[in-house]
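Structure first, commentary second.
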Amino acid sequence: MPGSPVIPCLRYANAPAAIDFLCAAFGFTRHAVYPDDADPTIIHHAQLVLGDGMVLLGSVRDMEGESLYTWSTARDLGGITASVYVVVPDPDGHCLHARNEGAVVVQEPQDNDGYPGRGYTALDPEGNVWSFGSYDPWTPID
């Protein structure tokens, strides 16, 4: 199995626009996208990859089929309960590209305080927090 067995899953009010943004701004590629046959603005399930990592996403729906829990968007909640961290070799260059594609950078690239690497933090159009950095948690620290 390539990549991590831990895969973040997100819901978006406008999932097709989120897919376009995540690919253009953050460098993801479409691995699989399953839109609704009757309404292509509804994404039942999408898999986006970046390197060996993946994120799953879909459209927020009426919750009828998700009655055991309630999916929501960061914007609907007025905040977040989690963020996504992505290892990138060049956070400064990645940040510049993301900003040029419309990402809202909330923390400029900087050296990590107390551990190696650099990183920055940005928001996607629906308020999810994405952190990108050169620190690789899988690499042993000497």
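Nothing here was measured: the structure is a model prediction, and the numbers come from that model. Counting from 1, the numbers follow the sequence of the chain as shown. Basis for what follows: all heavy atoms, side chains included, without hydrogens, waters or symmetry-related copies.
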* **With P8, the side chain to side chain contact (heavy atoms under 4.5 Å, CB included) member among V84, L57, L56** => V84
* To do: Assess whether salt bridge (charged side-chain N to carboxylate O under 4.0 Å, His left out) is satisfied between R118 and E108, documenting all intermediate values.
  => CA-CA 10 Å; R118 287 180 61 75; E108 294 293 328; over 6 Å; no
* Geometric class of the F21/F26 ring pair [parallel <30°, tilted 30-60°, perpendicular >60°] -> perpendicular
* Structure fact -> To the nearest 0.5 Å, atom CG of N14 lies from atom OG of S59 at 7.5 Å
* Asked: Are F28 and W130 close enough that their ring centres sit under 6.0 Å apart?
  -> yes
* **Over 12 non-hydrogen atoms of neighbours within 6.0 angstrom of CG in D37** => no
* **Ring-ring centroid check H94 F132, cutoff 6.0 Å** => yes
* Asked: Where is the tightest heavy-atom contact between A74 and E126, given as atom of each residue plus distance?
  -> CB-O, 3.8 Å
* Asked: Going hydrophobic residue to hydrophobic residue with side-chain gaps under 4.5 angstrom, can you get from L77 over to V129?
  -> no
* Asked: Should V105 and L50 be regarded as members of a common hydrophobic cluster, given that ILVMFWY residues are connected when their side-chain heavy atoms come within less than 4.5 Å of each other, either directly or indirectly?
  -> yes
* Asked: According to a 4.5 Å side-chain heavy-atom criterion applied to Ile, Leu, Val, Met, Phe, Trp and Tyr, with indirect links allowed, do L22 and M54 form part of one hydrophobic cluster?
  -> no
* Asked: Are V60 and Y12 connected in a single hydrophobic cluster, I mean Ile/Leu/Val/Met/Phe/Trp/Tyr linked by side-chain heavy atoms less than 4.5 Å apart?
  -> no
* Candidate pair L48 and I19, rule side-chain contact (heavy atoms from CB on, under 4.5 Å), full reasoning -> CA-CA 8 Å; L48 305 181; I19 292 168; 4.0 Å; yes
* To do: Can you see which heavy atom on P91 is nearest to which on P109, and at what distance?
  => O-CG, 4.3 Å
* Does I80 belong to the same Ile/Leu/Val/Met/Phe/Trp/Tyr cluster as V104, with side-chain heavy atoms less than 4.5 Å apart forming each link? -> yes
* Exercise: identify the closest heavy-atom pair between V33 and P35 -> O-CD, 3.3 Å
* Structure fact -> Heavy-atom closest pair (P40 atom, P16 atom, distance to 0.1 Å) is O-CG, 3.9 Å
* To do: Mind checking the NE2-SG spacing from H45 to C9? Nearest 0.5 Å is all I need.
  => 8.0 Å
* To do: Please indicate whether H31 has more than 12 foreign heavy atoms, meaning atoms of other residues, nucleotides or ligands, lying under 6.0 Å from its NE2.
  => no
* To do: Begin from the C-alpha positions of S134 and V87 and carry the test side-chain contact (heavy atoms from CB on, under 4.5 Å) through to its verdict.
  => CA-CA 6 Å; S134 60; V87 178; over 6 Å; no
* To do: Determine whether the side chains of T121 and S131 contain a donor N or O and an acceptor N or O closer than 3.5 Å.
  => yes
* Asked: Without hydrogens or angle criteria, can the side chains of Y120 and D92 be said to hold a donor-acceptor pair below 3.5 Å?
  -> no
* NZ/NE/NH1/NH2 to OD/OE distance under 4.0 Å, R11 and D76 -> no
